[in-house]
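Step one of this worksheet: look at the structure below.
Being a predicted model, the structure only gives us computed values, none of them experimental. Reckoned from all heavy atoms, side chains included, excluding hydrogens, waters and symmetry mates.
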Amino acid sequence: NNPSTPDDDGTSPPPPRSTTATSTTTTTSTTARHEQITCMFTTHPSLSTHFHPPVFSPGVPSREIRNRIKLLEYANKACLIPDGEWKAIDRALKEQQRSCE
């Protein structure tokens with residue numbers, strides 16, 4: 001697909017991202033993107049009847065989740081891991097730490 005030509009459905013793709021965005025621009029564009037997504041989920045008939053409005057959480061630096069334990073901790077904080085599984089993971093981590101001492 002050529003970025004300047006319309007897609008098959010007749011809409012043009014978004015313009016390429018600027019690689020020189022500043023922190024303020026990123027925050028503004030993130031806020032605008034959140035508003036656009038929220039609007040879509042609350043006003044589009046096929047979405048608003050099946051989904052709750054989205055809730056946005058702060059981002060996680062990718063550096064933080066390269067470590068497997070950190071990834072699991074963030075997943076637990078986001079309630080993606082059932083309590084029973086998290087307790088087993090936490091117990092195994094504590095046992096491993098004790099055996100290394």
Side-chain angles (χ1 to χ4, degrees):
N1 257 359
N2 182 343
S4 62
T5 59
D7 287 340
D8 293 339
D9 65 358
T11 60
S12 295
R17 283 185 156 178
S18 170
T19 56
T20 59
T22 63
S23 176
T24 305
T25 305
T26 303
T27 303
T28 304
S29 66
T30 300
T31 302
R33 185 172 64 245
H34 287 181
E35 289 172 359
Q36 184 180 17
I37 292 169
T38 300
C39 180
M40 179 179 64
F41 274 91
T42 56
T43 61
H44 194 281
S46 66
L47 295 176
S48 61
T49 57
H50 299 288
F51 297 99
H52 295 287
V55 175
F56 298 96
S57 59
V60 176
S62 62
R63 189 176 324 163
E64 286 278 318
I65 57 175
R66 286 185 192 142
N67 175 307
R68 187 179 316 166
I69 302 305
K70 284 286 191 188
L71 172 65
L72 291 171
E73 287 173 355
Y74 278 108
N76 179 56
K77 287 178 186 177
C79 298
L80 298 174
I81 299 177
D83 285 337
E85 285 187 44
W86 177 250
K87 287 177 183 174
I89 291 168
D90 191 45
R91 189 176 333 110
L93 287 172
K94 287 177 182 173
E95 287 174 10
Q96 184 180 19
Q97 287 173 346
R98 275 183 264 159
S99 68
C100 292
E101 292 176 350

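Pairing each heavy atom of T42 with each of S48, the nearest pair is O-CB, 3.6 Å. Heavy-atom minimum distance, K70 versus E64: CB-O, 2.8 Å.
The number of heavy-atom neighbours closer than 6.0 Å to CG of N67, taken from other residues, nucleotides and ligands shown, is above 12. More than 12 non-hydrogen atoms from other residues, nucleotides or ligands lie less than 6.0 angstrom from CD of E95.
Atom-to-atom distance recorded for L93:CG and L72:CG is 7.5 Å, nearest 0.5 angstrom. Considering CE of M40 and CZ of F51, their distance stands at 9.5 Å, rounded to 0.5 Å. Here S99 contributes atom OG and Q97 contributes atom CD; the two are 9.0 Å apart, rounded to the nearest 0.5 Å. Distance check, rounded to the nearest 0.5 Å: CD1 of I81 to CG of D90 gives 10.5 Å.
H34 pairs by the ring pair (Phe, Tyr, Trp, His ring centres under 6.0 Å) definition with F56, not counting sequence neighbours. Under the side chain to side chain contact (heavy atoms under 4.5 Å, CB included) criterion, R63 pairs with R66, not counting sequence neighbours. Applying the ring pair (Phe, Tyr, Trp, His ring centres under 6.0 Å) rule to Y74 yields no partners; only residues at least two apart in sequence or on another chain are considered.
Side-chain heavy atoms closer than 4.5 Å link hydrophobic residues (I, L, V, M, F, W, Y) into clusters, and following such links, even through other members, never connects I69 to I65. Residues I89 and L71 are members of separate hydrophobic clusters, defined by side-chain heavy-atom contacts under 4.5 angstrom among Ile, Leu, Val, Met, Phe, Trp and Tyr.
D83 has no carboxylate O lying under 4.0 Å from a charged side-chain N of K87, or vice versa, which leaves the two without a salt bridge.
Side-chain atoms of F41 and H50, non-hydrogen and from C-beta on, never get closer than 4.5 Å to each other.
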